[in-house]
Amino acid sequence: FNRETSIVTLRVGLVEGEIPINLASATLAPGALGPGSVERGVADELRGLGTPVARHGAVGNGSTDDSASFAALLADTSIGEITLNANKTYLLGPMTIPSGITLRGAPGASLKAKAGIDGNFITLGGVMKDVVIDCNGANQSSGHGVNMLAGARIQRCTVINAKGCGIVSSALGNLKVTESKVYNSGNNGILIGEPSAGCYDVVVKGNLVDRSAFTYLTIVEGGIKVHGHPVTVTPPAVTINDVDVSGNRVVLPTAPFGTSFSGGDPYRSAVGIELWGSVRKSAVRGNLTYGGYIGISIDRSVGVAVGNNIVESAFYHGIEIAGSTNVAVTGNPIIGNELTRNGIYSDPGADHSYNVSINGNPITGTRAYAIIAEQTTGLTIAGNPITSGYGYGIYLKNCAEFAVAANQMTGGGYANSQAGVLMDQSSEGAVTGNFIKSYNIGVSLLGTTAYTFSDLTIASNQFKNTNANVSANLSGGAA
């Protein structure tokens, strides 16, 4: 079909002919589009093919400013879909794609930001599919690649060279970023959050964020972050509900073990995936993170499932649970590669953590603690296979109402591995049915002379190649 001439070319066998038709009245008979299809207007069906940008004068040679042509298209409310032409580069200023319009790419086609726009390149209220977006960050002083409004969709798009974040939104929800790629953004690859009011229904699924072009000395911020209340609000006043972060890959630079970072070092914000500030009823599943200061962080959030992710070569924590409640960490392989300090860390953060389960996570190659929990009440650590040549298997500090059961821990021998389970001023718990091998001490109790351990059960554990099976030290010194 030629949209300019309204000519449909039909081929039957080897015979080809051209038939002019009136699109306004032409219809497709019932069943023409497949079994069960109803009668449909030809104009309606062809409208789904989109309007080529060339019809409004877009040149696409990478040097001619096509902003006016795109503005004319986007202002036409009768157009539902706009298509790019293959192998074209459209040079554009800031652009808004309103709700109700889909911008669809084509092989070899891209949008490129003009130099000096110094703001968000694309504001998206509608849908973008299969579009390559070059933000030309080297020639901008600020600005993000795509700013999503409520209800926006991004699918199979590629965002490169953003000065700020690749994809960002502070909208009130109903957002989907799927099967897309973000390369070399100057800030977070994808940042959803800090809306002005409650936010809901956020899907970030099947994407790649690759910021490996930076080093741990030059990177600012991380991969995928979903944030609730702004940092200026205490206590949290804004929640984000029903967040699905799944099947993504995040690649960040690694740092050598033992590198010292102060509180203001940018690398400390290089987190692979982060849910922060009253994110509720959400899931982080099936992702892969590589490098970064922390692989996955759940901070001051409620009701989050962290499952079946692979976390490799994070610097400080593989997975962090900070000041959060009702969090399940299940089936996540943590591969430290002798770079990661702690495999999984339940951290008090701004407050205690409550009702945290850490179950069935294979942990290898950590340098300090495979699993560490501080100021956590209602803690289950069960069925975790731990293999680490250094430090401690499981360390509990100021914890209560805990169960440590059926974990398999293999250390690196007396000289390098201090204890399989260390309970530091922690009570009201049980350590049962664990297999503990090649640690200096199997189970160690550590406290001060003023501290009284209470309601502790240590039973049915198996010890092999330990210097001592169970040891207590109330002097505050090393166990």
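- Judged purely by atom type and a 3.5 angstrom limit, Y90 uses its side chain to pair as donor or acceptor with the backbone of N85.
- Contact of the V202 side chain with the V204 side chain is registered, since non-hydrogen atoms from C-beta on lie closer than 4.5 Å.
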Open item on the list: Please evaluate residues E374 and Y395 with respect to the criterion side chain to side chain donor-acceptor pair (under 3.5 Å), reporting the C-alpha separation (whole Å), side-chain torsions for both, the decisive distance (0.1 Å), and the verdict.
Closed with: CA-CA 8 Å; E374 295 190 61; Y395 176 31; over 6 Å; no

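- Rounding to the nearest 0.5 angstrom, the gap separating the CD1 atom in I381 from the CG atom in N359 is 9.0 Å.
- T102 is not listed as a side-chain neighbour of I82, based on a closest heavy-atom distance of 4.5 Å or more.
- Checking side-chain atoms of R211 against main-chain N and O of V220 turns up a donor-acceptor pair under 3.5 Å.
- Put simply, the side chain of T340 never gets that close to the backbone of N342: no donor and acceptor are under 3.5 Å apart.
- Remark: E312 engages N337 in a side chain to side chain donor-acceptor pair (under 3.5 Å) (not counting sequence neighbours).
- Under the 3.5 Å distance criterion, the side-chain polar atoms of E179 are left unmatched by any main-chain donor or acceptor of I154.
- Shortest non-hydrogen contact noted between L275 and V304 is CD2-CG1, 4.1 Å.
- Separation of atoms CG (L74) and NE2 (H56) is listed at 10.0 Å; rounding is to 0.5 Å.
- D244 and S246 share a donor-acceptor pair across their side chains, judged by distance under 3.5 Å alone.
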Going by atom type alone, with no hydrogens or angles, which donor-acceptor pairs under 3.5 Å involve a side-chain atom of residues 117-129 and a protein atom two or more places apart or on another chain?
from, atom 1, to, atom 2, distance (Å)
D118, OD1, S141, N, 2.7
D118, OD1, S141, OG, 3.1
N120, OD1, H144, N, 3.2

Open item on the list: side chain to side chain contact (heavy atoms under 4.5 Å, CB included) for Q155 and V177? Distances and angles first, verdict last.
Closed with: CA-CA 6 Å; Q155 183 178 20; V177 182; over 6 Å; no

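- Side chain of N309 to main chain of G286: a donor-acceptor pair is present (N/O by atom type, distance under 3.5 Å, no hydrogens or angles).
- Judged by distance alone, with hydrogens and angles left aside, the side-chain atoms of Y267 form a donor-acceptor pair with the main-chain N or O of G292 at under 3.5 Å.
- Between V311 and I335, the closest side-chain pair of non-hydrogen atoms is not below 4.5 Å.
- Proximity of N174 to R153: side-chain heavy atoms (C-beta onward) are separated by under 4.5 Å at one or more points.
- For the pair V53 and L73, the minimum side-chain heavy-atom distance is below 4.5 Å.
- Atom CD1 of I167 sits about 7.5 Å away from atom CD1 of I192, to the nearest 0.5 Å.
- For the atom pair CG (N384) and CD1 (I344), the distance works out to 6.0 Å, reported to the nearest 0.5 Å.
- Using cut-offs of 30° and 60° on the angle between ring planes, the pair Y316 and Y293 is parallel.
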When the side chains of residues 252-264 are checked against the rest of the protein, which donor-acceptor pairs come out under 3.5 Å, sequence neighbours left out?
from, atom 1, to, atom 2, distance (Å)
T259, OG1, P256, O, 2.7
S262, OG, D265, OD2, 3.3

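- Side-chain atoms of N361 come within 3.5 Å of backbone atoms of G331 as a donor-acceptor pair (strictly under, hydrogens ignored).
- Taking 4.5 Å as the limit, some side-chain heavy atom of F70 sits within range of a side-chain heavy atom of L92.
- In the model, S301 has no side-chain atom that pairs as donor or acceptor with a side-chain atom of S324 under 3.5 Å.
- The number of heavy-atom neighbours closer than 6.0 Å to NZ of K176, taken from other residues, nucleotides and ligands shown, is above 12.
- Scanning all heavy atoms of the two residues, the minimum distance from S353 to A322 falls at OG-C, 3.9 Å.
- Looking at S169, its side chain does come within 3.5 Å of a backbone N or O of A171 through a donor-acceptor pair.
- For R249, the CZ atom sits in a loose shell: 12 or fewer heavy atoms of surrounding residues, nucleotides or ligands are nearer than 6.0 Å.
- To the nearest 0.5 Å, the span separating CD1 on I319 from CD1 on I296 amounts to 4.5 Å.
- Across every non-hydrogen atom of G307 and N332, the tightest pair is C-OD1, 3.3 Å.
- Other residues, nucleotides and ligands contribute only 12 or fewer heavy atoms inside 6.0 Å of the CZ atom of R285.
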Task: Candidate pair V245 and N287, rule side chain to side chain contact (heavy atoms under 4.5 Å, CB included), full reasoning - done: CA-CA 8 Å; V245 180; N287 303 282; 4.1 Å; yes

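- Not a single donor-acceptor pair under 3.5 Å links the side chain of N188 to the backbone N or O of G166.
- With sequence neighbours excluded, the residues forming a side chain to side chain donor-acceptor pair (under 3.5 Å) with D210 are S212, listed by chain and number.
- A donor atom on one side chain and an acceptor atom on the other are found under 3.5 Å apart for D65 and S67.
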Task: Audit row: I224, N248, side chain to side chain contact (heavy atoms under 4.5 Å, CB included) steps and yes/no - done: CA-CA 9 Å; I224 298 171; N248 303 284; 3.7 Å; yes

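- Looking only at side-chain heavy atoms (C-beta outward), N136 and N161 stay at 4.5 Å or farther from each other.
- Atoms OG and CD, on S346 and E320 in that order, are 9.5 Å from each other to the nearest 0.5 Å.
- With sequence neighbours left out, the side chain to side chain donor-acceptor pair (under 3.5 Å) criterion links S142 to no other residue.
- Counting all heavy atoms, side chain and backbone alike, C157 lies closest to I133 at CB-CD1, 4.5 Å.
- In this structure, V404 and L396 have side chains that are in contact, with non-hydrogen atoms separated by less than 4.5 Å.
- When all heavy atoms of A162 and G145 are compared, the pair lying nearest together is CB-N, 4.0 Å.
- With S78 contributing its side chain and D76 its backbone, the two residues share no donor-acceptor pair below 3.5 Å.
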TODO: Begin from the C-alpha positions of I394 and I386 and carry the test side chain to side chain contact (heavy atoms under 4.5 Å, CB included) through to its verdict.
DONE: CA-CA 9 Å; I394 297 171; I386 294 170; 4.0 Å; yes

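- For the residue pair N61 and T64, a side-chain donor N or O sits within less than 3.5 Å of a side-chain acceptor on the partner.
- A pairwise comparison of heavy atoms in I294 and A314 identifies C-CB, 4.1 Å as the closest pair.
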TODO: Test side chain to side chain donor-acceptor pair (under 3.5 Å) on R156 and N207 and set out the steps.
DONE: CA-CA 8 Å; R156 296 188 303 271; N207 303 287; over 6 Å; no

Side-chain donor/acceptor pairs under 3.5 Å, residues 362-371, sequence neighbours excluded:
from, atom 1, to, atom 2, distance (Å)
T366, OG1, S388, OG, 3.1
R367, NH1, E338, O, 3.2

